[in-house]
Amino acid sequence: MSPSRTPAAGTDTHCPYCALQCAMTVTPAAATAPATEAAAAVPTIAGRDFPTNRGGLCRKGWTSASLLGHPGRVTTPLLRGQDGIHRPVEWAQALDLIADQVRRTRNEFGPDAVGVFGGGGLTNEKAYQLGKFTRLALGTSRIDYNGRFCMSSAAAAGNRAFGLDRGLPFPVSDLDSAHTILMLGSNVAETMPPFVQHLQGARAAGGLIVVDPRRTATADFTADGAGLHLQPVPATDLVLLLGLSHIVIHDGLVNQDFIANRTHGYQAVARSVSSWWPERVQAVTGVPVHLLRETARRLAEGARLGGSYILTGRGVEQHVDGTDTATAAINLALLLGLPGSATSGYGTLTGQGNGQGGREHGQKADQLPGYRKITDPTARAHVAKVWGVDPDVIPGPGLPAVELLASLGRPDGVRTFFIHGANVAVSAPNASEVVKGLRRLDFLVVCDFVMSETAREADLVLPVLQWAEEEGTITNLEGRVLRRRAAVTPPAGARSELWIFSELARRLDAPSTFSPDPETVFTELRAASEGGLADYSGIDYALLDSGAEAYWPFPVGSKGTPRLFLESFAHTDGRAVLTPVSPATARGRDTLFAGSTLALVTGRLLEHYQSGAQTRRVPELAAAVPHAELLIHPLAAASRGIADGARVTIANARGSVHCTAKTSTAIRSDTVFLPFHFPQEENANLLTSAAVDPISGMPEFKASSVTVLADPILQGTAGAEPADLQEAS
């Protein structure tokens, strides 16, 4: 074992949180310390020089080791009794119970009565093995993952336009020299702070343009001549982008050579945006005409002067028209000739730590490893050969996440359910209905390292390894494959999901093989991905351990692909496709602001991550932001008799949330903002809709109509927390 993989010394690995995957070194507590001190000591985290973070880390990264020895850690299987209390059981008993339950469910209701929900934080090896385990050992088609809530619309748009989906089709360091960067619906200053250093070139050129209804920390970087901040009405981003494309075409800013030589569909898109003249766009979005024109001009000028980039995030994608909105952003980029350039481009900012790799290797409802379509006979034959099974054994496509969760406990729905790396009781839209579904199940198995809100609903909780306790690979937002290395020794009772899959597959007499060894699984993943869009076949652990850059596609014998599309796009004719899109229904003021309602936007905070199951247990982070706060404009607050710091009720037909109000002019007066990291009465997803994009299955997280009222009954009363969170904070 090389020194970089020796737990007793400092170990080079990567942060467990966002897809920037900042490089760090983890050094465990000194082996010479007394046992009690060593158990209580927290490993040391040091930032490591790497292109994405250049030695920097955010608050979450610096405190990431706090969870490794957390007192609320689950270290043995926990079986819920008839009294609702979880009690320890042996691993053999737990696994035998699961196998018996799976057989019983399949025999009585059929194989699709067993379901699986994965996560974008799983390593490539675990995501790959989870998909294989689901389809071969469980024999079900019912698998999807929480990336459906994150990247699905961007992925659908990328595949439609380019024939390939990779979040950033270029290294993030390419942004350093950009003259202009248009960033839509992403607050990187809080969600991935080390990313901000890559915006400095555009800021210096006055070319950072941020689109967000809030004046976020990222939008603040446009001040003092560094750029522009556009504050559209929520859910009008599609119209905004159509208007920008109209200006580009009308004002003669189109890169005609690029359009003629490298694309299809220009005329249809030109016709489709002709009705979105600037004044009409201003009326719908609230963005002044002069800012629309200035944005289009700067993007075109930047492409000539040294580089323009258009970057999208969840703020414009988590809508029922998210795929079309991302497509409109890509159309704008193509009109300007940005994609496939060495100095310009389009990209989408992946959120979860392995959100890119997690969607490539088989835990999506409609995909097989290598980003292959599960309905493609050639793809099925290739993967079946690697697995050593008949292609007919592999089930067809399953259900996307929202539909899968809605089926829980229903007639002809899922009766036995596995959840890996997700906290759907907090993170899923219309969360109260999801919890009802979990409670309707015959049997729920949750793999986690803490008792998350979802784990508390489980019949059986299986303790798994954390990031610094396991070997494997992850793929960051650039499509770069990275090594995750074990830096500390895990608790004796915790197990890797790979071991769990292996043991259950043996008990279920599954075909093929299921190794518990990450490198062995990665070797099989390489073979399964070979020839696919996401080809990892030329990558192995030795290459990654050498420090070599490994951007997929990386076929055997190649040197990888840090920059996609330089010569051709991934469609068979090598051209990108411009696709006309338009608002399907009236959106914006007419639908979000009826009567006294406001538009609710949800999002992340600097101190917390996703459902908060991890960060709410880190003392420093929990102390900094212990509860949710509703961001509301002073005018909206005053008209409702709400004082700064008052307790309020935010409600709609789906549910109600109680929290503290924070007045701020940083948000539009017709909009409120609520973070989605908190559970119970502060859970923002009690209010969000399960309506989905018809193409991607992405839920409508970013535009819910709500009422906001002062709540005198709850003045000064904070929401209750589970006992282990109280201890942590």
Side-chain angles (χ1 to χ4, degrees), residues 16-18 60 64 67 70 72-74 78 80 86 115-122 126-127 130 143-150 314 318 351-355 358 363 401-402 404-405 408 417-439 441 444-467 497 602-605 607-618 621-622 628 655 657 674-688 690 699 701 719 721-722 724-725 728:
Y17 291 114
C18 79
K60 294 184 288 290
S64 57
L67 282 173
H70 190 274
R73 180 79 182 268
V74 181
L78 299 174
R80 188 172 62 184
H86 290 89
V116 175
F117 197 88
L122 301 178
K126 291 190 290 187
L130 180 60
I143 179 173
D144 208 45
Y145 82 127
N146 63 10
R148 184 74 62 177
F149 301 157
C150 181
R314 305 302 81 74
Q318 288 179 327
Q352 296 186 79
N354 197 30
Q363 64 172 334
V402 172
L404 177 63
L405 293 172
L408 300 183
F417 200 43
F418 295 77
I419 298 179
H420 296 263
N423 188 16
V424 294
V426 176
S427 64
N430 202 1
S432 61
E433 289 300 313
V434 171
V435 171
K436 290 177 185 177
L438 297 176
R439 292 173 180 174
L441 289 165
L444 173 61
V445 181
V446 172
C447 289
D448 211 328
F449 50 83
V450 293
M451 286 297 286
S452 69
E453 288 71 25
T454 303
R456 292 176 184 276
E457 301 293 334
D459 296 284
L460 183 61
V461 181
L462 301 181
V464 296
L465 305 184
Q466 289 195 57
W467 61 284
E497 283 97 330
T602 66
R604 279 171 52 184
L605 302 175
E607 293 83 2
H608 290 293
Y609 180 72
Q610 305 298 77
S611 73
Q614 297 172 78
T615 52
R616 284 185 280 113
R617 288 172 166 83
V618 175
L621 302 179
V657 168
L674 194 62
F676 54 55
H677 311 295
F678 299 91
Q680 300 171 0
E681 69 171 11
E682 296 182 347
N683 184 356
N685 283 317
L686 295 173
L687 304 168
T688 54
F701 281 115
E721 291 182 329
D724 62 332
L725 295 194

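All heavy atoms count here, side chains included; hydrogens, waters and symmetry mates do not.
Between Ala628 and Leu674, the shortest heavy-atom contact is CB-CD1, 4.3 Å. When every heavy atom of Ala422 is checked against every heavy atom of Asn146, the shortest pair comes out as CB-ND2, 3.8 Å. In plain terms, the two heavy atoms of Val450 and Ala613 that are nearest each other are CG2-O, 4.1 Å. When every heavy atom of Glu453 is checked against every heavy atom of Glu457, the shortest pair comes out as O-CG, 3.6 Å. Between Pro699 and Val402, the shortest heavy-atom distance links the atoms CG-CG2, 3.6 Å. Closest non-hydrogen pair, Tyr609 versus Gly353, comes out as OH-N, 3.4 Å.
The ring-ring contact (aromatic ring centres under 6.0 Å, His included) search around Phe701 returns Phe149, not counting sequence neighbours. Checked against salt bridge (Lys or Arg N to Asp or Glu O under 4.0 Å), Asp448 has no partners two or more places apart in sequence or in another chain. In this view, Ser64 satisfies the side-chain hydrogen bond (donor to acceptor under 3.5 Å, both in side chains) rule with no residue, not counting sequence neighbours. Considering only residues two or more places apart in sequence or on other chains, Arg314 meets the side-chain hydrogen bond (donor to acceptor under 3.5 Å, both in side chains) condition with Glu317, Thr348. Not a single salt bridge (Lys or Arg N to Asp or Glu O under 4.0 Å) links Arg604 to another residue, sequence neighbours left out.
Put simply, the side chain of Asn354 never gets that close to the backbone of Gly120: no donor and acceptor are under 3.5 Å apart. Counting only distance, with no hydrogens or angles, the side chain of Gln352 and the backbone of Cys150 share no donor-acceptor pair below 3.5 Å. Between the His677 side chain and the Gln610 main chain, a donor and an acceptor come within less than 3.5 Å of each other.
For the pair His70 and Phe449, the minimum side-chain heavy-atom distance is 4.5 Å or more. Between Leu438 and Val424, the closest side-chain pair of non-hydrogen atoms falls below 4.5 Å. Counting only heavy atoms from C-beta outward, the side chains of Ile419 and Val445 never approach each other to under 4.5 Å. Side-chain contact between Val446 and Phe418: absent, with no pair of heavy atoms (C-beta onward) separated by less than 4.5 Å. Put simply, the side chain of Thr615 reaches to within 4.5 Å of the side chain of Lys60, judged on heavy atoms. A heavy-atom distance below 4.5 Å is not found between the side chains of His420 and Val464.
Taking CG of Asp459 as the reference point, atom CZ of Phe417 lies at 13.0 Å (rounded to 0.5 Å). Once rounded to the nearest 0.5 Å, the distance linking CG of Leu122 with OH of Tyr145 reads 10.5 Å. Here the OG-CZ distance, from Ser452 to Arg617, works out to 7.0 Å after rounding to the nearest 0.5 Å. For the atom pair CZ (Arg148) and CG (Leu404), the distance works out to 10.0 Å, reported to the nearest 0.5 Å. Note that CG of Leu462 and CD of Glu497 are 9.0 Å apart. Values are rounded to the nearest 0.5 Å. The structure places OG of Ser611 at 9.0 Å from CZ of Phe676, a figure rounded to the nearest 0.5 Å.
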For this session: Check step by step if side-chain contact (heavy atoms from CB on, under 4.5 Å) holds for Gln363 and Asp144.
Result: CA-CA 6 Å; Gln363 64 172 334; Asp144 208 45; over 6 Å; no

For this session: Would you check, one step at a time, whether the test side-chain contact (heavy atoms from CB on, under 4.5 Å) holds for Leu444 with Leu460?
Result: CA-CA 6 Å; Leu444 173 61; Leu460 183 61; over 6 Å; no

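Salt bridge annotation for Arg616-Glu607: absent, with no cationic side-chain nitrogen under 4.0 angstrom from a carboxylate oxygen.
Annotation: Phe678 is in aromatic contact with His608 [ring centroid separation under 6.0 Å].
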Enumerate, atom names and distances included, each donor-acceptor pair closer than 3.5 Å involving a side-chain atom of residues 425-435, sequence neighbours excluded.
residue	atom	partner	partner atom	Å
Ser427	OG	Asn423	O	3.0
Glu433	OE2	Lys436	NZ	3.0

